[in-house]
Amino acid sequence: DAGVTQSPTHLIKTRGQQVTLRCSPKSGHDTVSWYQQALGQGPQFIFQYYEEEERQRGNFPDRFSGHQFPNYSSELNVNALLLGDSALYLCASSFRQGARTGELFFGEGSRLTVL
Amino acid sequence: DAKTTQPPSMDCAEGRAANLPCNHSTISGNEYVYWYRQIHSQGPQYIIHGLKNNETNEMASLIITEDRKSSTLILPHATLRDTAVYYCIVRVNFGNEKLTFGTGTRLTIIP
């Protein structure tokens with residue numbers, strides 16, 4: 001059983017560019033969340049998708065957007081990249097039973113470097 | 001979500017029990033205590049969670065005080081592979097996938 005898979009694992013962009021990161025949730029999971037982890041810090045919640053809609057959002061600007069597809073996979077898009085966007089981007093998946101949230105399983109992350 | 005307070009770092013001898021404390025004095029009645037760990041350059045890994053009763057699984061035990069204002073994660077026989085940053089998180093687990101990570105405790109297992 002594959003866990004949460006993310007791609008690409010590493011990428012380098014320059015300021016002002018746009019980036020798309022991808023996530024496939026663990027089999028049987030229907031909810032995807034995205035987190036940003038700067039060096040030496042704990043992960044910070046960006047947003048969460050359930051039933052193809054953004055349900056929760058953290059304190060991130062509109063440059064950060066996402067999408068969830070019918071197969072539950074998800075994309076994170078960041079526009080107009082800044083140097084401060086350099087971080088490890090983590091995807092987490094979970095399964096909802098009714099409103100109850102299950103444990104979150106994290107992928108290994110996509111490390112973005114902005115030059 | 002309630003805030004948590006953890007010591008920044010701890011050492012533990014290999015084979016001994018590692019006891020990691022966490023204070024969450026403002027926890028609400030419907031908030032659970034979760035523990036995750038992050039081994040260097042990997043994604044966080046779920047360890048255990050509980051509401052008010054003590055919990056045990058194959059990885060660890062979780063002891064929650066009666067007033068629920070603090071908890072302790074116990075790794076019964078620490079190995080070198082347990083070296084990681086451990087995060088204590090409190091959250092409501094209904095319709096809520098947001099985990100508020102603090103800076104965690106960096107646990108180093110000493111051979």
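Sequence lines set the chain letters: A, B, ... in the order given, protein chains first and strands last, and positions in each chain run from 1. All values derive from a computational prediction rather than experimental measurement. Values below: all heavy atoms of this structure, side chains included; hydrogens, waters and symmetry mates excluded.
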**OP:** Examine whether an atom of Q38(B) lies under 4.5 Å from a heavy atom of chain A, and if so say whether it belongs to the side chain, the backbone or both; otherwise answer neither.
**Re:** side chain
**OP:** Look at R55(A), Q37(A), Q6(A) and state which one has the largest set of heavy-atom pairs under 4.5 Å with chain B.
**Re:** Q37(A)
Original post:
Checking heavy atoms, do the side chain of Y35(A), its backbone, both or neither come under 4.5 Å from chain B?
Top reply: side chain
Original post:
Can you tell me if E97(B) uses its side chain to pair, donor with acceptor, with the backbone of T31(A) under 3.5 Å?
Top reply: no
**OP:** Specify whether Y32(B) and Y34(B) have parallel, tilted or perpendicular ring planes, treating 30° as the upper limit for parallel and 60° as the lower limit for perpendicular.
**Re:** tilted
Original post:
If we ignore angles and hydrogens, is there a donor and acceptor under 3.5 Å between the side chains of S73(A) and N71(A)?
Top reply: yes
Subject >> Passing candidate, salt bridge (charged side-chain N to carboxylate O under 4.0 Å, His left out) with D85(A), options K13(A), R63(A), R15(A) >> reply: R63(A)
Original post:
In terms of heavy-atom proximity below 4.5 Å to chain B, should Q56(A) be classed as side chain, backbone, both, or neither?
Top reply: side chain
